[in-house]
Amino acid sequence: MKKHPSIELLAPAGNFEKLEVAAHYGADAVYLAGKDFSLRNFSGNFTREELAQAVVFGKQNGIKIYVAVNIYARSREQETIADYLKYLADIGPDALIISDPGIIRLARQHAPLLPIHLSTQANTTNLNAARFWHEIGVKRVNLARELNLEEIRQICEQSPVEIETFVHGAMCVSYSGRCLL
């Protein structure tokens with residue numbers, strides 16, 4: 001049987017106060033976002049300066065910082081996203097959370113040292129998809145929210161990539177994290 005790594009408690013942080021609260025109450029990691037290029041639009045989010053401060057705070061307090069860049073981008077956004085990824089590479093969060101294969105490609109070019117965690121937005125519902133993402137360099141896959149425990153167990157037992165799942169999500173009507181209502 002495959003040895004399972006310890007569980008990481010990952011919490012959202014929509015602003016600096018929520019980051020501090022998550023750290024205070026024992027989160028191992030937080031996911032947060034900048035003002036652009038994430039689906040966390042109603043979370044307040046971080047300016048570039050605040051992102052840099054969050055990364056420093058994380059290092060000082062032993063909490064990992066994962067930055068969501070999980071939109072599905074349009075062609076007109078590619079250059080701006082590339083610049084943003086370069087900035088993130090400079091400040092050095094612990095990982096990027098991405099869903100769009102095009103942004104993954106840009107991250108490999110402009111932030112090659114930052115690990116990529118695949119967002120639940122990518123709808124990973126099976127082992128072959130997890131293997132595919134691993135083959136292109138994704139370090140962690142956040143499975144689709146609609147999977148049941150048995151499906152998650154089966155993927156975990158055979159997956160070559162780290163697996164993440166939501167145990168509680170946003171209060172929206174959704175399929176794979178894509179809010180419908």
Side-chain angles (χ1 to χ4, degrees), residues 5 8-16 18-20 22-23 27-124 129-144 159-166 176-178:
E8 176 184 78
L9 178 59
L10 172 61
N15 59 41
F16 215 95
K18 290 175 183 176
L19 167 59
E20 292 172 324
D28 301 302
V30 296
Y31 62 97
L32 47 82
K35 296 285 186 184
D36 298 306
F37 312 122
S38 94
L39 296 176
R40 296 186 50 77
N41 292 340
F42 300 109
S43 298
N45 295 328
F46 291 69
T47 64
R48 285 188 177 212
E49 295 77 25
E50 290 168 337
L51 284 171
Q53 293 168 359
V55 170
V56 170
F57 177 86
K59 291 182 188 337
Q60 290 173 341
N61 291 278
I63 185 169
K64 293 180 181 174
I65 305 294
Y66 305 144
V67 178
V69 188
N70 61 342
I71 65 165
Y72 281 90
R74 302 294 178 108
S75 294
R76 66 181 177 270
E77 298 170 304
Q78 300 299 300
E79 188 175 322
T80 309
I81 291 171
D83 290 339
Y84 182 60
L85 291 167
K86 290 175 193 174
Y87 174 75
L88 293 175
D90 288 342
I91 65 171
D94 294 284
L96 302 175
I97 301 171
I98 302 174
S99 50
D100 183 325
I103 296 177
I104 291 173
R105 186 173 185 275
L106 287 173
R108 287 282 160 245
Q109 293 171 348
H110 301 291
L113 299 179
L114 295 180
I116 294 174
H117 295 181
L118 190 71
S119 173
T120 191
Q121 305 299 326
N123 301 338
T124 304
R131 287 177 174 157
F132 167 80
W133 293 116
H134 174 72
E135 288 168 5
I136 66 164
V138 169
K139 300 295 181 206
R140 179 184 295 179
V141 170
N142 191 333
L143 296 176
S159 175
V161 67
E162 286 182 30
I163 297 296
E164 177 180 331
T165 61
F166 274 85
S176 291
R178 293 187 176 164

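All values reported here derive from a predicted model rather than from experimental measurement. Throughout, numbering of the chain's residues begins at 1 and tracks the sequence. These values consider heavy atoms only, across backbone and side chains, with no hydrogens, waters or symmetry-generated copies.
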Peer 1: So, taking the atom named CD1 in I116 and the one named CZ in R105, what distance separates them when rounded to the nearest 0.5 Å?
Peer 2: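 Output value for this atom pair is 12.5 Å.
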Peer 1: Determine, step by step, whether Q53 and F46 satisfy the side-chain contact (heavy atoms from CB on, under 4.5 Å) criterion, reporting the C-alpha distance in whole Å, the side-chain angles of both residues, the deciding distance to 0.1 Å, and the verdict.
Peer 2: CA-CA 10 Å; Q53 293 168 359; F46 291 69; over 6 Å; no
Peer 1: For a 4.5 angstrom cut-off between non-hydrogen side-chain atoms, does D94 reach I65?
Peer 2: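 D94 reaches I65 side chain to side chain.
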Peer 1: Where is the tightest heavy-atom contact between V30 and A22, given as atom of each residue plus distance?
Peer 2: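 Looking at all heavy atoms of both residues, the shortest contact is CG1-CB, 3.6 Å.
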Peer 1: Between the side chain of E50 and the main-chain N/O of T47, is any donor-acceptor distance below 3.5 Å?
Peer 2: yes
Peer 1: Considering only heavy atoms from C-beta outward, does the side chain of N70 approach that of I103 to under 4.5 Å?
Peer 2: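 The answer is no; the side chains never approach within 4.5 Å.
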Peer 1: Look at the rings of Y31 and F166 and say which category their plane angle falls in: under 30° parallel, 30 to 60° tilted, over 60° perpendicular.
Peer 2: perpendicular
Peer 1: State, yes or no, whether a side-chain contact exists between F57 and E20 at a heavy-atom distance under 4.5 Å.
Peer 2: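 When only atoms from C-beta onward are counted, E20 and F57 do touch, with a gap below 4.5 Å.
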Peer 1: Do the side chain of Y87 and the main chain of R48 share a donor and acceptor less than 3.5 angstrom apart?
Peer 2: yes
Peer 1: Rounded at 0.5 Å granularity, tell me how far CD in Q121 sits from OG in S38.
Peer 2: 10.0 Å
Peer 1: Run L51 and I91 through side-chain contact (heavy atoms from CB on, under 4.5 Å) and show every step you take.
Peer 2: CA-CA 8 Å; L51 284 171; I91 65 171; 3.9 Å; yes
Peer 1: Would you call K139 and V161 a side-chain contact if the rule is heavy atoms closer than 4.5 Å?
Peer 2: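 No; the side chains remain at least 4.5 Å from each other.
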Peer 1: Between R140 and E8 (salt bridge meaning N to carboxylate O under 4.0 Å), is one present in this structure?
Peer 2: yes
Peer 1: Between the side chain of D28 and the main-chain N/O of L9, is any donor-acceptor distance below 3.5 Å?
Peer 2: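 Answer holds: yes.
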Peer 1: For the atom pair CG (L85) and NE2 (H110), what is the distance rounded to the nearest 0.5 Å?
Peer 2: 7.0 Å
Peer 1: Using side-chain contact (heavy atoms from CB on, under 4.5 Å), reason through L10 and E164 one step at a time and then give a plain yes or no.
Peer 2: CA-CA 9 Å; L10 172 61; E164 177 180 331; 3.1 Å; yes
Peer 1: Quick check on R108: does its CZ atom have over 12 non-hydrogen neighbours (other residues, nucleotides or ligands) under 6.0 Å away?
Peer 2: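 Yes, the 6.0 Å shell around CZ holds more than 12 heavy atoms from other groups.
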Peer 1: Taking the side chain as C-beta and beyond, is there a heavy-atom pair between I98 and L118 under 4.5 Å?
Peer 2: no
Peer 1: Side chains of W133 and I104: does their closest heavy-atom pair fall under 4.5 Å?
Peer 2: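 When only atoms from C-beta onward are counted, I104 and W133 do touch, with a gap below 4.5 Å.
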Peer 1: Donor-acceptor pair, T120 side chain versus L143 backbone, under 3.5 Å?
Peer 2: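 Yes, because the side chain of T120 sits within donor-acceptor range (under 3.5 Å) of the backbone of L143.
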Peer 1: Is the shortest heavy-atom distance from the side chain of I81 to the side chain of D100 under 4.5 Å?
Peer 2: no
Peer 1: Go through the structure and list residues passing ring pair (Phe, Tyr, Trp, His ring centres under 6.0 Å) with Y84, not counting sequence neighbours.
Peer 2: F37
Peer 1: Looking at Q109 and L106, would you say the former's side chain and the latter's main chain have a donor-acceptor pair under 3.5 Å?
Peer 2: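 Not a single qualifying donor-acceptor pair exists.
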Peer 1: Quick one: does N15's side chain get under 4.5 Å of N45's, heavy atoms only?
Peer 2: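 N15 does not reach N45 side chain to side chain.
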Peer 1: With side-chain contact (heavy atoms from CB on, under 4.5 Å) as the criterion, how do L88 and L114 come out once you've worked through the C-alpha distance, each side chain's angles and the decisive distance to 0.1 Å?
Peer 2: CA-CA 9 Å; L88 293 175; L114 295 180; 4.3 Å; yes
